[in-house]
Amino acid sequence: MGAHQHYLRWDQVDMSRRVAWIHPDEAKAGRAIGVPLNEDALDVLRRRLGRHPEYVFAYQGQPVARCSTRAWKQAVARAGIEPGFRWHDLRHTWASWHVQNGTPLQELMELGGWASYEMVLRYAHLAADHLRGAASRIDGTFLTHKQKPQLVRLS
């Protein structure tokens, strides 16, 4: 691999199958990660087509090497986001949005390429609203068994 092995390359993207992948030697966890692409991600990739023959994200002919640049800080300010918001905070935002919209933690773990379930448990508290629906599945159960409730005891 070349000196820029950790930058997303077009040979790691299959837009027809809606997937990108990170090779094991490029991933923090040391294992390959398949990344399913939603329509928003595909739109970004379509806008990047033809800009560089090898790298998806390039600036002045070179792969984008850093994210915390003056351009990043200006974009954060234009978006009305508080100063100090870091590039990596986008990963936490993405994970939070998933949990708040009902993505199970096991699926989030796979989507985000986390090595362990414990790593995604930090987002569990965001699932409370989503779990309200699950909690209500047994509404009225006690009332229907008022005479002699059927209790289950684990040994």
Side-chain angles (χ1 to χ4, degrees), residues 1-49 51-138 152 154-155:
M1 297 231 120
H4 301 296
Q5 66 185 12
H6 56 283
Y7 304 120
L8 184 62
R9 297 181 316 274
W10 286 111
D11 65 2
Q12 293 173 267
V13 177
D14 185 336
M15 294 198 328
S16 63
R17 288 182 47 229
R18 301 174 61 106
V19 67
W21 53 90
I22 310 300
H23 295 290
D25 59 329
E26 299 168 336
K28 187 176 176 181
R31 58 184 173 77
I33 301 170
V35 182
L37 302 170
N38 65 14
E39 198 56 43
D40 292 335
L42 289 169
D43 285 344
V44 169
L45 293 173
R46 287 184 197 107
R47 290 194 305 264
R48 303 298 310 163
L49 278 171
R51 293 194 182 195
H52 193 278
E54 185 176 2
Y55 299 108
V56 175
F57 302 103
Y59 178 70
Q60 295 182 343
Q62 297 297 315
V64 174
R66 294 182 326 123
C67 298
S68 296
T69 62
R70 185 178 56 179
W72 166 257
K73 290 174 184 154
Q74 289 171 344
V76 165
R78 278 194 315 273
I81 300 171
E82 64 188 50
F85 187 80
R86 302 161 303 158
W87 177 260
H88 192 73
D89 293 333
L90 292 173
R91 178 173 168 82
H92 298 302
T93 301
W94 168 86
S96 298
W97 287 351
H98 262 287
V99 173
Q100 290 167 353
N101 283 282
T103 301
L105 294 179
Q106 183 65 37
E107 288 180 11
L108 180 65
M109 183 180 123
E110 294 178 49
L111 283 170
W114 279 283
S116 70
Y117 190 69
E118 288 72 31
M119 298 290 289
V120 295
L121 284 178
R122 70 181 103 176
Y123 302 105
H125 69 284
L126 299 171
D129 287 342
H130 171 66
L131 293 177
R132 191 172 295 117
S136 67
R137 288 184 192 134
I138 62 168
V152 178
L154 297 176
S155 45

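Note that the structure is a prediction, hence the values are computed from the model and not measured.
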- Query: Can a cation-pi geometry be assigned to R91 and W114, taking NZ or CZ under 6.0 Å from the six-membered ring centre and within 45° of the ring axis?
  - Reply: yes

- Query: Is the backbone N or O of A20 less than 3.5 Å from a side-chain atom of Q12, with the two atoms forming a donor-acceptor pair by type?
  - Reply: no

- Task: List the atom of M109, the atom of V120, and the distance in Å for their closest heavy-atom pair.
- Result: CA-CG1, 3.7 Å

- Distance-only, no hydrogens or angles: does the W10 side chain make a donor-acceptor pair with backbone N or O of H52 under 3.5 Å? yes

- Any side-chain heavy-atom pair from F85 and W72 closer than 4.5 angstrom? yes

- Query: Counting distance only, does the side-chain N/O of D89 pair as donor-acceptor with the main-chain N or O of R86 below 3.5 Å?
  - Reply: yes

- Query: Is it true that atom CH2 of W94 has more than 12 heavy atoms of other residues, nucleotides or ligands lying nearer than 6.0 Å?
  - Reply: yes

- Message: Can you give me the closest heavy-atom contact between S96 and L126, atom names plus distance?
- Response: OG-CD1, 3.4 Å

- Message: Are R18 and E39 packed together at the side-chain level, in the sense that at least one heavy-atom pair is separated by less than 4.5 angstrom?
- Response: yes

- Tightest non-hydrogen contact, residues V13 and W21, listed as N-CH2, 4.1 Å

- Backbone N/O of E118 and side chain of R122: donor-acceptor pair under 3.5 Å: no

- Message: Nearest 0.5 Å, please: how far is CG in L49 from CZ in R46?
- Response: 8.5 Å

- Task: Quick one: pull up CG in L8 and CD in E54 and give me the separation to the nearest 0.5 Å.
- Result: 11.0 Å

- Side chain proximity check, R9 to V56, heavy atoms < 4.5 angstrom: no

- Task: For L105 and A124, work out which heavy atoms get closest and say how close.
- Result: CD1-CB, 3.7 Å

- Message: A side-chain contact here means heavy atoms from C-beta on lying under 4.5 Å apart; do P36 and L111 qualify?
- Response: yes

- Message: Keeping R48 on the side-chain end and D43 on the backbone end, is there a donor-acceptor pair under 3.5 Å?
- Response: no

- Any idea which heavy atoms bring A41 and N38 closest together, and the distance? N-OD1, 2.9 Å

- Do the ring planes of H92 and H88 sit parallel (below 30°), tilted (30 to 60°) or perpendicular (above 60°)? perpendicular

- Message: So, taking the atom named CG in D14 and the one named CG in L45, what distance separates them when rounded to the nearest 0.5 Å?
- Response: 11.0 Å

- Message: In terms of relative ring orientation, are Y7 and Y55 parallel, tilted or perpendicular, with 30° and 60° separating the classes?
- Response: perpendicular

- Message: Once rounded to the nearest 0.5 Å, what's the spacing between atom OG1 of T103 and atom OH of Y123?
- Response: 13.0 Å

